[in-house]
Number of protein chains: 2
Amino acid sequence: MSASPESLQPLDVSLSPQERFEEYLQTRGLRQTSQRKFLIDRVFSEHDHFDADELIDRLPRRGEDNYVSPATVYRTLREFVDAGLLNSFQLDGRTVFELDYGYPQHDHLYCTRCRKLLEFQSETLMQIRDDVAADLGFRVASHRMIIQGVCRECSKNRRKKRKHDLV
Amino acid sequence: MSASPESLQPLDVSLSPQERFEEYLQTRGLRQTSQRKFLIDRVFSEHDHFDADELIDRLPRRGEDNYVSPATVYRTLREFVDAGLLNSFQLDGRTVFELDYGYPQHDHLYCTRCRKLLEFQSETLMQIRDDVAADLGFRVASHRMIIQGVCRECSKNRRKKRKHDLV
DNA sequence: GTACCTGCAAATTCTTTGCAGTGGG
DNA sequence: CCCACTGCAAAGAATTTGCAGGTAC
């Protein structure tokens, strides 16, 4: 019913994210630019959750090769979401992105101590979702569930001194 | 398992929200001010979801009786959440508040067409939540589930002209 | 060549904060 | 009377937008 984060494996997909995005651009008369190519490579080479700021921080600085301006990063992240490559959701007031294309549907546990996001999958959850929606005559497009609390590691280290005292 | 919004009835609580808040203030050495009294009355007289902006819009304007400045509204809403009177969550990038004290735990369906929030309750959902958390050694504090889609009314009116074309 | 794209800076939106004056207990 | 509270305006944080010049196609 539920799965540990390690078991969240990529799905088989016929097109790479890059190819999928090319297709998306072409069908809309948009262009393949060096910035878009660079960003899609970057984003799909790391499999973690991130927000716009974190991504920008890890990108080349102004003046360096492959610099992409913040405005373009924001614009491009939005396109990735439109294209179905990324998912985004709000957490703690920030917009968190995660890989969507090539990854199975899942939900999250959020540790309010270390701010880590764990993932889980549950068939039963989908079933409840659909039952509730059917009851109310609601047509489901998607859902988002986040369980908040404290992860195993943070529970263990409760009384120890922590390097990163985030909350 | 699930319930229509109409069936979400207030719980029996020994103290009124006002009394509960007084208690909260007293135990912390904080003060009962006219602004706080006015706001708690206002907020608990309407049982709907709202954000800070919407609330401010419905409040008396500068110069009128019972005017409360935006800064104070923001400060006070935060106190209400701390006091357990209100809940808040992020939706579409805005912070939505809802009554918590005196209301049962529930989750939401969000119509992306008319932006209405419906509520539902599910024991099974709580069970899944706890099972998943137990599996991962995660200590649950709370959770938030939002099902997104299109409500019954908006589905019916799909092709008709709508007065408020919000999306 | 055309129109889409990018970088830059300025504008927006939402929310928080510093400060001086007010008022609750 | 003290110190929390409020209103005001300014500051912040996160994102979006207008515009002039660059560049896919």
Side-chain angles (χ1 to χ4, degrees), chain A residues 18 21-40 42 49-83 86 88-97 115 166, chain B residues 18 21-40 42 49-83 86 88-97 115 166:
Chain A
Q18 287 81 354
F21 193 51
E22 279 183 38
E23 194 179 72
Y24 170 86
L25 293 174
Q26 284 180 1
T27 59
R28 309 208 170 193
L30 305 177
R31 291 166 186 176
Q32 288 191 258
T33 66
S34 61
Q35 289 88 340
R36 282 169 179 164
K37 282 182 204 160
F38 180 73
L39 287 178
I40 200 168
R42 250 323 167 80
H49 301 87
F50 62 93
D51 64 24
D53 237 31
E54 289 167 1
L55 178 61
I56 290 168
D57 274 354
R58 292 198 303 267
L59 253 27
R61 312 279 163 185
R62 208 160 114 179
E64 297 179 8
D65 279 1
N66 288 316
Y67 171 69
V68 183
S69 71
T72 297
V73 172
Y74 277 103
R75 283 187 279 235
T76 307
L77 285 174
R78 229 213 280 214
E79 283 170 337
F80 288 171
V81 172
D82 288 346
L86 297 182
S88 72
F89 54 99
Q90 305 291 127
L91 184 62
D92 265 359
R94 64 186 196 139
T95 302
V96 178
F97 295 88
R115 300 193 179 174
L166 291 168
Chain B
Q18 287 82 353
F21 193 50
E22 278 183 37
E23 196 179 69
Y24 169 86
L25 293 174
Q26 283 179 1
T27 60
R28 309 209 171 193
L30 304 178
R31 292 167 185 175
Q32 288 191 257
T33 66
S34 61
Q35 289 89 340
R36 282 169 177 163
K37 282 182 204 159
F38 181 73
L39 287 177
I40 201 167
R42 247 331 163 75
H49 301 87
F50 62 92
D51 64 25
D53 237 31
E54 288 166 3
L55 178 60
I56 290 168
D57 273 355
R58 292 198 303 268
L59 254 27
R61 312 281 162 184
R62 210 160 113 175
E64 297 178 9
D65 279 0
N66 289 316
Y67 170 70
V68 183
S69 70
T72 296
V73 172
Y74 276 104
R75 285 188 279 236
T76 307
L77 286 175
R78 229 210 279 212
E79 284 169 339
F80 288 170
V81 173
D82 288 346
L86 297 183
S88 72
F89 53 99
Q90 305 290 128
L91 184 61
D92 265 1
R94 63 184 196 142
T95 301
V96 178
F97 295 87
R115 301 192 179 175
L166 292 169

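Keep in mind that this is a model prediction, so the values were computed, not measured.
One finds no side-chain N or O of B:Thr33 lying less than 4.0 angstrom from the OP1 or OP2 phosphate oxygen of C:dG23. The phosphate of D:dC5 has neither OP1 nor OP2 within less than 4.0 Å of any side-chain N or O from B:Thr72.
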Checklist entry - So B:Leu86 and B:Phe50, side chain to side chain contact (heavy atoms under 4.5 Å, CB included) or not? Walk me through it. => result CA-CA 11 Å; B:Leu86 297 183; B:Phe50 62 92; 4.1 Å; yes
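Looking at B:Leu39 and B:Arg36, their side chains never come closer than 4.5 Å, going by heavy atoms from C-beta outward.
Between the CG atom of A:Leu91 and the C1' atom of D:dA14 there is a distance of 15 Å, rounded to whole Å. A straight line from CG of A:Leu55 to C1' of D:dT15 spans 14 Å, rounded to a whole angstrom. With rounding to whole Å, A:Leu25 atom CG is found 9 Å from D:dC25 atom P. The distance from atom CG of A:Asp57 to atom P of D:dA13 is 13 Å, rounded to the nearest whole Å. At whole-Å resolution of the value, CD in A:Gln26 and P in C:dC4 are 16 Å apart. A straight line from CZ of A:Phe21 to C1' of C:dC5 spans 12 Å, rounded to a whole angstrom. Rounded to an integer number of Å, the gap from B:Asp51 CG to C:dT13 C1' is 12 Å. In this structure, A:Arg78 places its CZ atom 10 Å from C1' of D:dT17, rounding to the nearest Å.
B:Phe21 and B:Phe80 have perpendicular rings, their planes meeting at more than 60° on a 0 to 90° scale where under 30° would count as parallel.
Closest contact between the side chain of A:Tyr67 and the listed nucleotides D:dA14, D:dA4, C:dG7 involves C:dG7. Relative to the side chain of A:Arg31, the nucleotides C:dG7, D:dA24, D:dC5 differ in distance, and D:dA24 lies closest. With C:dT17, C:dG7, D:dA14 as the choices, the nucleotide that has an atom nearest any side-chain atom of A:Asp53 turns out to be D:dA14. Residue A:Ala71 places its side chain closer to C:dC8 than to any other of D:dC5, D:dC8, C:dC8.
Between B:Arg36 and B:Arg62, the one whose closest nucleotide on DNA chain D sits nearer the 5' end is B:Arg36. Comparing B:Tyr74 and A:Glu79 against DNA chain C, the residue whose closest nucleotide sits nearer the 5' end is A:Glu79. Of the two residues near DNA chain C, A:Leu30 and B:Gln90, the one whose nearest nucleotide lies more 5' is A:Leu30.
For A:Arg75 against C:dG7, a side-chain N or O and a base N or O form a donor-acceptor pair under 3.5 Å.
More than 12 heavy atoms of other residues, nucleotides or ligands sit less than 6.0 Å from atom CZ of A:Arg94.
Between B:Pro60 and B:Arg42, the shortest heavy-atom contact is CD-NH2, 4.5 Å.
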